[in-house]
Amino acid sequence: MADPERTERRLRPAPLLFEPSEAATDPEHFFDLESIEDPRELLARATELALAFRAAQDRAVEFQALAAAQLADPRRFDRLAPDAIAAAADWTEDYARRMIEFGEDLQRGTAPDLD
């Protein structure tokens with residue numbers, strides 16, 4: 001069963017808005033933070049972005065684990081061995097095994113919280 005507090009955190013972070021291509025080429029430009037002059041507002045927006053990026057990272061890792069578990073599923077005729085999954089994801093073989101296990105736990109709904 002999903003932790004309600006964790007689900008709430010996933011819904012709460014600030015939206016990550018796509019930046020225009022010309023802004024993305026400017027190394028000083030980052031989600032318009034450089035234009036915020038009020039330090040309180042800057043802290044609030046930077047904190048929102050940090051939380052959003054953490055939430056996005058957590059979700060991405062969960063999806064990696066799910067994909068690894070699916071690719072390693074022994075019921076698949078084209079299943080991959082942990083070393084092949086590790087090579088595809090640029091992981092060590094040991095990490096691939098742990099991600100496969102984490103993905104299996106996610107599929108069963110018994111995965112531990114990432115926090």
Side-chain angles (χ1 to χ4, degrees):
M1 184 104 192
D3 178 9
E5 182 179 316
R6 184 172 177 200
T7 303
E8 174 66 23
R9 280 197 317 268
R10 284 190 187 146
L11 300 176
R12 198 181 110 249
L16 299 178
L17 305 175
F18 291 98
E19 299 184 276
S21 58
E22 60 274 0
T25 59
D26 179 4
E28 296 299 315
H29 187 83
F30 187 73
F31 290 91
D32 210 27
L33 292 178
E34 70 286 346
S35 69
I36 300 174
E37 294 183 19
D38 177 12
R40 284 184 173 87
E41 183 182 343
L42 178 59
L43 178 62
R45 180 64 180 147
T47 301
E48 288 175 344
L49 285 170
L51 290 172
F53 285 128
R54 282 187 207 129
Q57 178 190 11
D58 288 350
R59 291 295 294 153
V61 168
E62 288 175 351
F63 280 106
Q64 283 182 309
L66 285 169
Q70 291 170 1
L71 289 169
D73 188 336
R75 296 171 296 190
R76 289 178 61 111
F77 75 93
D78 61 344
R79 75 176 175 265
L80 296 178
D83 63 328
I85 294 170
D90 198 25
W91 296 334
T92 65
E93 190 173 339
D94 180 57
Y95 187 75
R97 282 192 181 94
R98 289 185 290 156
M99 286 294 278
I100 292 165
E101 290 175 15
F102 179 46
E104 291 167 345
D105 289 345
L106 285 169
Q107 289 172 332
R108 287 190 297 269
T110 60
D113 204 4
L114 288 177
D115 294 333

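All values reported here derive from a predicted model rather than from experimental measurement.
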Residue pairs passing the side chain to side chain donor-acceptor pair (under 3.5 Å) test where at least one lies in residues 77-90, sequence neighbours excluded = R76-D78
Please lay out, stage by stage, how L51 and R54 fare under the test side chain to side chain contact (heavy atoms under 4.5 Å, CB included).
-> CA-CA 5 Å; L51 290 172; R54 282 187 207 129; 3.6 Å; yes
Hey, mind stepping through R108 and D105 against salt bridge (charged side-chain N to carboxylate O under 4.0 Å, His left out) and telling me if it holds?
-> CA-CA 5 Å; R108 287 190 297 269; D105 289 345; 2.5 Å; yes
Any chain of hydrophobic side-chain contacts (each under 4.5 Å) joining F31 to L43?
-> no
Going through the distances and angles, do M99 and V61 end up as a side chain to side chain contact (heavy atoms under 4.5 Å, CB included)?
-> CA-CA 9 Å; M99 286 294 278; V61 168; 3.9 Å; yes
Heavy atoms only: give me the nearest [X]-[Y] pair and the separation to one decimal.
X    : Y    : answer
I100 : A72  : CD1-CB, 3.7 Å
L66  : L106 : CD2-CB, 3.8 Å
A96  : P82  : CB-O, 3.6 Å

Distance, nearest 0.5 Å, that separates CD of E93 from CZ of R98 | 12.0 Å
Ignoring hydrogens and geometry, is there a side-chain-to-backbone donor-acceptor pair from E34 to F30 under 3.5 Å?
-> yes
Check whether any side-chain heavy atom of R40 lies under 4.5 Å from a side-chain heavy atom of L42, and answer yes or no.
-> no
Under a 4.5 Å cut-off applied to non-hydrogen side-chain atoms, are W91 and Q64 in contact?
-> yes
Kindly say whether the aromatic ring centers of F102 and Y95 come within a distance under 6.0 Å.
-> no
